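In listed order, ligands and their atoms are each counted from 1. Treat the numbers as computed from the prediction; the structure is a model and nothing was measured.
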Amino acid sequence: MVVKKPNLETQIGRIKFKNPVLAASGTFGYAREFEKLTDLRRLGGIVTKTLTLKPRLGNAPTRIVETPSGMLNAIGLQNVGAERFIGEKLPYLRKLGVPIVASVMGYSVEEFVSVVEVLDSAKGIDGFELNLSCPNVSYGSRSKDGGVRMFAHEERLVAQVVRAVRKTTGKTVIAKLGPDVSDIGKMARAAEDAGADAVSLINTLVAMVIDVKKRRPVLANKTGGLSGPCIRPIAVRMVWEAAQRVSIPVIGIGGIMNAHDALEFLIAGASAIQVGTAGFVNPNACVEILEGIKRFMLDEKIRSAAELVGILNA
Ligand SMILES: Cc1cc2nc3c(=O)[nH]c(=O)nc-3n(C[C@H](O)[C@H](O)[C@H](O)COP(=O)(O)O)c2cc1C
């Protein structure tokens, strides 16, 4: 059998992506920043920087520090807000002709609903990724011991947000989960039972780097989110665990630098993948990953990307 043109299409909720390689939230700006550096039209899809109801300036600097095999960031969800996004950023994104997923976040269930309401009628948004797992902003308050609180930490909260958003929009709803939990399968199930079309994971891991001379954390926010190749084996394990517990698609994220890494996620059970930190090293990473997946499929005589999903041998 000779496979000439592998089928890379993947369906997530109501969105048909022409290939499974998406740009991850927060690492791709609003895409225009990458226009001269890569062919944006070749991407499977773009997940926007997380949008909040009101614009946010984000955290004070220092907000980024490099780590062995990765980086730590505490941007703090700097974004233009939902209204300005529609007026200033969406017209450009819409022209690219690739599915646009708006990442959204609220400080309460009601606020999640409000952001989605504002964006829902805007032409050019195909779905929503609910950022339930940002480590750099705390909801309500930090816990008493200073720990970071996230919706993604509790099944009940994951379910409440997903259920409320599900009632608000007929578009595709993806719940983005975080890694700082003991049972990711339970969280994914909570999202599925509440009506999510898919789950995406992982967001960054809460982490810290210390300047020993100053005896101070390097980041002004003290802690930040760790991303890059150092988190990949954790992400692969969590995608594998989640995929066994849900029947909705899982989108794999975490340290994907090349096609080999992306294939690990697909084989572990991801129907699509997102590329984040790699874009800072190589802005053309998504396209190169896509080419590499295609080459692998041709070499291995695999006709469709769907055939790869979850084919992990015992
Ligand atoms: C600088 C930076 C900003 C990020 N901002 C967001 C964000 O706004 N919303 C979100 O859901 N994830 C955000 N993330 C997390 C990524 O989307 C992704 O889940 C994580 O970095 C793991 O993937 P990676 O190792 O490929 O970067 C951000 C990551 C980085 C490095």
Between ligand 1 and the protein, which N/O pairs are shorter than 3.5 Å?
from	atom 1	to	atom 2	distance (Å)
ligand 1	5 (N)	Lys49	NZ	3.1
ligand 1	8 (O)	Lys49	NZ	2.8
ligand 1	8 (O)	Thr50	N	3.4
ligand 1	8 (O)	Thr50	OG1	3.2
ligand 1	9 (N)	Ser25	OG	2.9
ligand 1	9 (N)	Thr50	OG1	2.6
ligand 1	9 (N)	Asn131	ND2	3.2
ligand 1	11 (O)	Asn131	ND2	3.2
ligand 1	11 (O)	Lys176	NZ	3.1
ligand 1	12 (N)	Lys176	NZ	3.1
ligand 1	14 (N)	Ser25	O	3.3
ligand 1	17 (O)	Ser25	O	2.7
ligand 1	17 (O)	Lys176	NZ	2.9
ligand 1	19 (O)	Lys176	NZ	2.9
ligand 1	19 (O)	Ile202	O	3.1
ligand 1	25 (O)	Gly228	N	2.8
ligand 1	25 (O)	Gly255	N	2.7
ligand 1	26 (O)	Gly255	N	3.4
ligand 1	26 (O)	Gly276	N	3.1
ligand 1	26 (O)	Thr277	N	3.4
ligand 1	27 (O)	Thr277	N	2.7
ligand 1	27 (O)	Thr277	OG1	2.6

Determine whether the aromatic ring centres of Tyr30 and Tyr92 lie less than 6.0 Å apart.
-> no
Salt-bridge contact Asp261-Arg232 (side-chain N to carboxylate O under 4.0 Å) = yes
Under a 4.0 Å N-O cut-off, is there an ion pair linking Glu241 with Arg237?
-> yes
Within a strict 4.5 Å, meaning less than it, do heavy atoms of the Leu51 and Met105 side chains meet?
-> no
Do Arg303 and Asn7 have side-chain heavy atoms sitting under 4.5 Å apart?
-> no
Run through Ile253, Val236, Leu177, Ile231 and flag the one making a side chain to side chain contact (heavy atoms under 4.5 Å, CB included) with Ile202.
-> Ile231
